[in-house]
2 protein chains.
Amino acid sequence: MTRAPQKRRLETRAKLLHVAAAIVQEQGYSGLRVEDVVARAGVAKGTLFSHFKDKDGLLAVLIGEEVTRLLDRMEDEGTPADVAALTARLAPHLDYVAQDRVIFDLLLRYSGTTAAEPDEVVAASFIRQVTMLTGWLQTLQAAGKARQDQPPELLAEGIQGFLNHVLGVWFCAGHANDASPAQALDPYLQAWLQPPG
Amino acid sequence: MTRAPQKRRLETRAKLLHVAAAIVQEQGYSGLRVEDVVARAGVAKGTLFSHFKDKDGLLAVLIGEEVTRLLDRMEDEGTPADVAALTARLAPHLDYVAQDRVIFDLLLRYSGTTAAEPDEVVAASFIRQVTMLTGWLQTLQAAGKARQDQPPELLAEGIQGFLNHVLGVWFCAGHANDASPAQALDPYLQAWLQPPG
DNA sequence: TTTTATAATTGACCGCGGTCATTTTTTGTT
DNA sequence: AACAAAAAATGACCGCGGTCAATTATAAAA
């Protein structure tokens, strides 16, 4: 028996991801077709599916990387000072998801995940987001800028729910004519986090 | 030019819906295949797509009818007396949606809709649900059982968000081992509706 | 009745995601 | 170098949702 070094395999995978990212850049997420990816990568169709469970698996990696980048930026900016700042901090994420329903559907499939497989970038980034939110809320609570009658975890999960709700409305009802998702989010956050009294 | 009486057409449509409902009964929503429907209805494939925009359009009618039935029952029971009763009132709906991801995905696509086409049963029932919720919340507010610092519409939409959140978690993370969606919903409602102070 | 315009239905066809038995390439062993 | 065994890649094939030009049924007009 032999142990398999996977150098060639890693190259193929990288090439697939690179090509897919380029296509997404040109045509958007919903314009990505498996046939195009394998054609431009110069590999057979089956190869793609030996690297990724399905088309969504490929998309998940791309989207996960993008979300990771967004989270990095959020983290750099530190804890928001109040609820309004919290909304502003979440805006880039909302804008990103709002650009294409495919992103929303995929993220929704992972939201609520509490444990991630090593390669599940999306699940991992979701957990990271909830953790970050929880941390922020703790700070806000300590500063008296958020209600203290609930644990920060519950508040964070609630916010997650509002994010999904606002985006759902965005993709269904209004779209262009309506306010931006971030604008729609704000009243929920204000009401949800408002210190009682 | 002639006006077309659509008797035959209505019969075909009814037959398709009847057959589809039977298949759903036997195989569940996710087991429904267009081929089976048209085969058992004794019509050609194209016919189905002249009656419904796509497979989801057919499912939407079936699901919409079921949701309508659930809403009828909810309405009969009158306004819940407090938040705990509200959770209980929403439980049947949660249980129904929790039974199959197809339902959740489809309802999510319509949640947030503010106006319905005449034949869009799902959208109509969604609006009805929000309206009913808003009414209930008004009563709860008047009785001092819910916070009065926010308009009932906002509270109702917030609840909608929590419903989606809880169901999303249900389909992703726990499923069988976890608590029921209704159980998971309760803390959110308690926190969201709690009168400040 | 014959004609004619339109409603309703048909089914061959397509696109595209996903599978899997087979073939090619790589790596470790003698 | 020759061989065996596992890894990696292949591409013909399938399932299934959805399309559309062609066909048939239906009802009003001549």
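Any value given below was found using the heavy atoms of this structure, including those in side chains, with hydrogens, waters and symmetry copies removed. The shown structure was predicted, so the numbers you read here are calculated from the model rather than taken from an experiment.
Closest approach to the R8(A) side chain among dA9(D), dA25(D), dG11(D) is made by dA9(D) (side chain taken as heavy atoms from C-beta onward).
Residue K55(A) has a polar side-chain atom (N or O) positioned under 4.0 Å from OP1 or OP2 of dG17(C). Dashed line: the shortest gap from a side-chain N or O of T12(A) to OP1 or OP2 of dA8(D) is not under 4.0 Å. The side chain of R9(B) contributes an N or O atom lying less than 4.0 Å from OP1 or OP2 of dT9(C). Within the structure, a side-chain polar atom (N or O) of T47(B) is placed less than 4.0 Å from OP1 or OP2 of dT10(C). Phosphate contact (OP1/OP2 of dT9(C), side-chain N/O of H51(B), threshold under 4.0 Å): present.
Contact check on D36(B) versus R40(B) returns no salt bridge, with no Lys/Arg side-chain nitrogen under 4.0 Å from an Asp/Glu carboxylate oxygen.
Between the CG atom of L48(A) and the C1' atom of dA8(D) there is a distance of 14 Å, rounded to whole Å. Rounded to whole Å, atom C1' of dG18(D) lies 15 Å from atom CG of L32(B). Across the protein-nucleic acid pair, K7(B) atom NZ and dA8(C) atom P stand 13 Å apart, rounded to whole Å. In this structure, L58(B) atom CG and dC16(D) atom P are separated by 16 Å, rounded to whole Å. A straight line from CG of D36(A) to P of dG17(C) spans 9 Å, rounded to a whole angstrom. Here dG11(D) presents its C1' atom at 13 Å from CZ of F49(A), a figure rounded to the nearest Å. Summarising the geometry, the separation between CZ on R33(B) and P on dG17(C) is reported as 20 Å, rounded to the nearest angstrom. Taking atom CG of residue D54(B) and atom P of nucleotide dT19(D), one finds them 8 Å apart after rounding to whole Å.
Checking V24(B), V37(B), L48(B), V43(B) one by one against V19(B), the side-chain contact (heavy atoms from CB on, under 4.5 Å) holds for a single residue, V37(B).
Around CD of Q25(B), the count of heavy atoms belonging to other residues, nucleotides or ligands within 6.0 Å does not exceed 12.
With rounding to the nearest 0.5 Å, the separation of NE2 in H51(B) from CG in L17(B) is 9.5 Å.
Under the 4.5 Å side-chain criterion, counting only non-hydrogen atoms from C-beta, L107(A) is not in contact with F126(A).
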